[in-house]
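This is a predicted model, so every value here is computed, not measured.
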Amino acid sequence: MGNLDSLRNKTFIITGAAGMLGKAFHEALIEDVGDGKVIALSHQDLDITDRNAVLSLEAEKPDFILHCAAQTNVDRCQEEPESCACVQIDGTLHVAELAQRVGAKVFYPQSFLIFDGSDTPTTEATLPAPLSIYGNYKLEAERQLLLMLPDSLVVRMAGFFGGEEADKNFVGKFARHLVKLIGDGVTNYEVGDRIWQPTYTLDLARNCLHLLALGKTGTYNMAGHTEASFFELAQACVEYLGLSDRITIERVSAEIMAQRDRAARPKCVLLANQRLQAENLDLQRPWQVSLKDYLSRPYFHNLFQSLNPGAIDVA
């Protein structure tokens, strides 16, 4: 597969560094690249909607900008479209302007929610058709970025898990909720059967760094191998955490769960890693393997320790 030598002794800026993906890039850069400078900026460190604040980073002379900052609450974007536009579109334009000034390469992570799921599988050739304000603004940000900086790298990612306490997606929220459920003596819990492509943020980060090391540009799809329903994912979490004797997960129709959403979401988007595979650059793993890897981290051991000291023993 080649190595990451071309990334050594470079300066990286990570926006949204406290988020799920930003944390993964920070970890991957420290562990896999090592040499160089990583400027990891959380929302508290850098408000990307503040153009002057973004452009003040010109003095750092970054070689790469990993633009992970975004408003990721899909329902909030539906309710607060102007605020969403400021973050997704204006913030990305500010980052692109910074990159133009210093000659940096921009990496932009894109959401699978720019698609409506009508084209299965969804490839790099599939025309986007967002169903929500979130998806529309994320797509517009991508278009504006590529107009300004055609050599940017855009990776359209499946739904992901990772980041431990920063994990705001299904696995993180479910794990924390599981502690409460079991602590309260709940023995049955319903989860919807909407299909997802569980993908580990560290797998995504490492794969993307390989693309950057090779100077890749344009658009790629990136998703963990094989899909799963949220119901299957919840069952796997319970099993891998050694809690199968404490709680049973029951399947509920995705339509019932979707009634709680304020923003429309596609029933199913399955990304095909077509370009990655054609170029022999697909480093993604089956979701079961990466989920076990994730749940074996100390965060989850500590999370469940009070319930059952021997519960967290992920093989």
Heavy-atom check, side chain of His225 versus side chain of Asn273, under 4.5 Å: yes
Closest contact, heavy atoms only, Arg206 versus Ala28: CG-CB, 4.0 Å
Main-chain N/O of Ala70 paired to Gln88 side chain as donor or acceptor, under 3.5 Å: no
Distance (rounded to the nearest 0.5 Å) between Leu139 CG and Ser132 OG: 10.5 Å
Donor-acceptor side-chain pairing of Asp119 and Thr122 below 3.5 angstrom: no
Side-chain heavy-atom pair Phe25, Phe12 within 4.5 angstrom cut-off: no
Exam field: side chain Glu232 to backbone Ser229, donor-acceptor pair closer than 3.5 Å: yes
Transitive ILVMFWY side-chain link Val289 to Leu276, under 4.5 Å: no
Contact check, side chains of Cys77 and Val74, non-hydrogen atoms, under 4.5 Å: no
Set of residues satisfying side chain to side chain donor-acceptor pair (under 3.5 Å) with respect to Glu142, sequence neighbours excluded: Gln110, Arg156
Minimum heavy-atom distance Thr201-Gly162, with the two atoms named: OG1-CA, 3.3 Å
side-chain contact (heavy atoms from CB on, under 4.5 Å) evaluation trace for Phe304 with Leu178: CA-CA 9 Å; Phe304 288 90; Leu178 205 50; 4.0 Å; yes
Check: Leu98 and Leu55 side chains under 4.5 Å, non-hydrogen atoms: yes
For Ser111 against Lys138, the heavy-atom pair lying closest together: N-CE, 4.2 Å
Beyond-backbone contact of Tyr108 with Ser152, side-chain heavy atoms, under 4.5 angstrom: no
Leu209 CG to Ser6 OG distance, which is reported to the nearest 0.5 Å: 10.0 Å
Donor-acceptor pair, side chain of Glu250 and main chain of Val252, under 3.5 angstrom: no
Stepwise side-chain contact (heavy atoms from CB on, under 4.5 Å) check, Glu239 with Gln288: CA-CA 11 Å; Glu239 178 189 340; Gln288 296 93 332; over 6 Å; no
Between CD1 on residue Ile114 and CG on residue Leu131, distance to nearest 0.5 Å: 11.5 Å
Modelled atom types, side-chain donor and acceptor of Tyr220 and Asn207, under 3.5 Å: no
Side-chain donor or acceptor of Asp45 paired with backbone N/O of Ser42 under 3.5 Å: yes
Any donor-acceptor pair under 3.5 Å from Glu27 side chain to Leu202 backbone: no
Hydrophobic cluster membership, Val186 vs Phe174, 4.5 Å side-chain cutoff: yes
N/O donor-acceptor pair under 3.5 Å between Arg275 side chain and Asn221 backbone: no
Minimum-distance pair of heavy atoms, taken over all atoms of Leu233 and Phe170: CD2-CD2, 3.7 Å
Donor-acceptor contact below 3.5 Å, side chain Thr15 vs main chain Ala69: yes
Side-chain (Asn169) to main-chain (Phe160) donor-acceptor, under 3.5 angstrom: yes
Closest heavy-atom pair and its distance - Trp287, Pro198: CB-O, 3.3 Å
Side-chain donor-acceptor pair present, Gln284, Asp203, cut-off under 3.5 Å: no
side-chain contact (heavy atoms from CB on, under 4.5 Å) between Tyr134 and Arg76, intermediate numbers included: CA-CA 9 Å; Tyr134 168 84; Arg76 185 182 300 167; over 6 Å; no
Asn9, Leu4, Leu7, Asp5 screened by side-chain contact (heavy atoms from CB on, under 4.5 Å) with Asp35, the one that passes: Asn9
Aromatic ring pairing Tyr294/Phe300, orientation class (parallel under 30°, perpendicular over 60°, tilted between): perpendicular
Atom of Ala96, atom of Leu149 and distance for their closest heavy-atom approach: O-CD1, 3.6 Å
Residue pair Thr92 / His67, side-chain heavy-atom distance below 4.5 Å: yes
Separation between CE of Met20 and CD of Glu164, rounded to the nearest 0.5 Å: 10.5 Å
Short side-chain to backbone donor-acceptor contact, Gln197 and Leu271, under 3.5 Å: yes
Check: Ala223 main-chain N/O paired with Thr199 side-chain donor or acceptor under 3.5 Å: no
Separation of Glu80 CD from Asn73 CG (nearest 0.5 Å): 8.5 Å
Phe231 side chain reached by Ile249 side chain, heavy atoms, under 4.5 Å: yes
Asp90 and Arg51, any side-chain heavy atoms less than 4.5 Å apart: no
Distance, nearest 0.5 Å, that separates NE2 of His177 from NZ of Lys180: 7.0 Å
Val33/Val38 under side-chain contact (heavy atoms from CB on, under 4.5 Å): CA gap, chis, key distance, verdict: CA-CA 10 Å; Val33 178; Val38 180; over 6 Å; no
